[in-house]
Amino acid sequence: MSTKRWWIMVTLGLLLMAAACGPAATPTAAPTSAPAAQATKAPVATTAPGAVQGVGLIKGPFEGEAKTLNGAGATFPAALYSKWFNEYEKVTGVKVNYQSIGSGGGIKSIQDATVDFGATDGAMSDEQLKAAKNGDVLHIPMALGAVVPTYNVPEAKSSLKFTSDTLAGIFLGTITKWNDAKLVADNPDLKAVDKDIVVVHRSDGSGTSYIWTDYLTTVSADWKSKVGRGTSVNWPVGLGGKGNEGVAGEVKQNPYAIGYVELIYALQNKLGVGDVKNKSGKFVTPNLDSVSAAAASLSDSMPADLRASIVDAPGDKVYPVSGFTWLLVYQKQTDKAKAIALTRLMWWAMHDAQKFNTDLGYAPLPDTLVKKAELKILSITVDNAPAFPGK
Amino acid sequence: MSQAQAAPPATVSATTAPRFRGRGITGDTIFENGVLLLALVAVLLIVGIVGLLFTDARAAIGRYGFAFLSDSVWDPVFEKFGAAAFIFGTVVTSLIALLIATPIALGASIYLSDYAPDWLREPLAFLIELLAAIPSIIYGLWGFFVFAPFMRTSVERFLKDLLTPIPGLNAFVEGPPIGKDILVAGLILAIMILPTILSIARQVLRAVPQAQREGMLALGATKWEMIQKAVLPSARAGVLAAALLGLARALGETMAVTLVIGNSSTKISASLFTPGYTIASVIANQFTEADKEIYFSAIVELALVLMLVAIVMNVLARALIGRVNRGAKGARA
């Protein structure tokens, strides 16, 4: 090929590449408007709480609301949201699309404002909040879940009892056998079980892992310094299973294994579920009541932005490894129709949808918390006026 | 004058071929430039992909440098990222798969091309090649529910009892047999790349001229000697190329591997019973939940590393094929 032809082709190629690669440089979070108001400021309550009634308020479609909403985020509540949005469409005709791509994806999506709402099991950190494009992001709690230790020990005749020490020890790798003295102290049945513990954790990043590691970080200084909390961590020991189903499957298949899953997965797979000792020293069986108790006991001391962790909550009946799942929305909305639809959806979810929670293994929000969340919804504005139409 | 007429152009290449000026753009020119453009599109795609990966990985490359390749700690919470354990897992599982699948595929293809009766050849080949049609997630599920427990209860226990007394080899079977480890992942990969290597090897063996075979037999060789001396030498390069293709598939396989490899990056050890992690599995597992910029960047850098590993293994394999080819040519000359 002639030199001239060669140069023409090369130039064309470079031009194409430049055109393609030009705007591709991902803008790494340069906040254009530094949100001066942090999310921790008290919300602006436009109406007194209780003036707007709760359940049964949203009865049908509203003139001027958007007909579709898009959300993305956590897989932990995916089954619940699926049911909710199905029912919501029957009530108001608004179609809500939810993609369960993971809490990290949900946070990223709301930061980039590519969705109307995000969903996450791990609250956003301060630096993540700063990176949000359109200003302040509100965390609205939607449901509660429990993460339970599940095990496969044939000799266990009744539920095994775990304490924060034993759980941290097992997952750190310092307790390696089922007949370790610390485990036998609470479970005499284990004295005869001279077997290695097979630890199973999540291989994929997940909100369930976040809640579990949050608990271990809170109760064990060793864990805090060596591992920390996060949706993905550097697990000191153990196999990784993909998803709750992966962990449950591994535990089922490997005798003498222990892992952690959401409550509903343990119940559905008929696996052994352990009791965990709570802050008040009582061994509590994980179920929906003990999870709700965790939220209720902390709802008075909740931070104003509701980004609370409820692990290791005080109280006799509290199950210590509980967590929220939140919806993430911008406080200052830009699209009026969407803002109306969004606030109505959240109001309905907070009041009317809670009745669907228990069947799917999630605990409903306690009333005190619902009141606080209502204020948050009422503080959402569009065009400098409250977005929630009140019905 | 005779000198002026000496030495006609030695070759008529595209650059020296006479150009027909004054005829405008012919169909030939359009076609030539069209296919050139298509070829360039492929090149542009690769360059574009690598370019995009580099852009997204820039933050991690800047922060970790070459330590990324030698460090084996992957800690998203304290932001320490090192890919050594994953590189080890990827390379080892692929090598195990290759070492097991190639002899089996070669043996099967020799049988199919030289020993099998006519009525058996096609059905048997069809069945083996059907393995390639099975989606990899099915292999993953089968591995998770059937193969891994089987390995745990029988084969691994047997291997452990067999090899533990032997001083050098017992390093390979240290640790409790759980059934989710590098060995099982390697075996599943072997099953998956077997049909790839087999189908190409079969074609290569078939391409050896019948005259070679008959000549060897005429010289008094037995059937096995005929295969060993007349068929295999010619087919060597092709079989190696087939193995290379199998290797390429093994390196990138994600779903089947992540379900049986144990997904644990805690240690690099010689033991085959250690749960491991491959680069593709890490990316698939952690990509969606990468909530920090540096975490996301580290994962994209992993993708770059995988490309690098694939390129390096490709280059090495090609060098091997080249050497083997030269050796074969030398032997014939």
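Chain A is the first sequence line, chain B the second, and so forth, proteins listed ahead of strands; every chain is numbered from 1. Atom set for the values below is all heavy atoms of this structure, side chains included, hydrogens, waters and symmetry mates excluded.
Counting heavy atoms of neighbouring residues, nucleotides and ligands inside a 6.0 Å radius, atom CG of Leu45(B) exceeds 12 of them. More than 12 heavy atoms of other residues, nucleotides or ligands sit less than 6.0 Å from atom OH of Tyr139(B). Atom OH of Tyr256(A) sits in a crowded spot, with more than 12 heavy atoms from other residues, nucleotides or ligands closer than 6.0 Å.
Cation-pi geometry between Lys108(A) and Phe296(B) is met: under 6.0 angstrom from the ring centre, within 45 degrees of the axis.
Under the 4.5 Å side-chain criterion, counting only non-hydrogen atoms from C-beta, Ser232(A) is not in contact with Trp74(B). Arg152(B) places a side-chain heavy atom less than 4.5 Å from the side chain of Asn254(A).
Using a 4.5 Å cut-off between heavy atoms, Gln128(A) touches chain B through its side chain atoms alone. Within the 4.5 angstrom heavy-atom criterion, no atom of Ser209(A) approaches chain B. Residue Val200(A): no heavy atom, backbone or side chain, is found under 4.5 Å from chain B. Residue contact with chain B, scored on non-hydrogen atoms closer than 4.5 Å, involves the backbone and the side chain of Val233(A) alike. Heavy atoms closer than 4.5 Å to chain B are found nowhere in Lys195(A), neither backbone nor side chain. Proximity to chain A involves both the backbone and the side chain of Phe145(B), based on heavy atoms less than 4.5 angstrom apart.
For the atom pair Ile178(B) CD1 and Glu250(A) CD, the distance stands at 9.0 Å (nearest 0.5 Å). Of the inter-residue distances, the one linking Ser281(B) atom OG with Lys242(A) atom NZ reads 9.5 Å to the nearest 0.5 angstrom. We find the CG-CG distance between Asp204(A) and Asn285(B) to be 5.5 Å, quoted to the nearest 0.5 Å. Within the model, atoms CD of Gln286(B) and CZ of Arg202(A) stand 11.5 Å from one another, a figure rounded to the nearest 0.5 Å. From Glu127(A), atom CD reaches atom NZ of Lys292(B) across 7.0 Å, with rounding to the nearest 0.5 Å.
Each of Asn263(B), Ile261(B), Leu259(B) was compared with Ser203(A) under the side-chain contact (heavy atoms from CB on, under 4.5 Å) criterion, and only Asn263(B) meets it.
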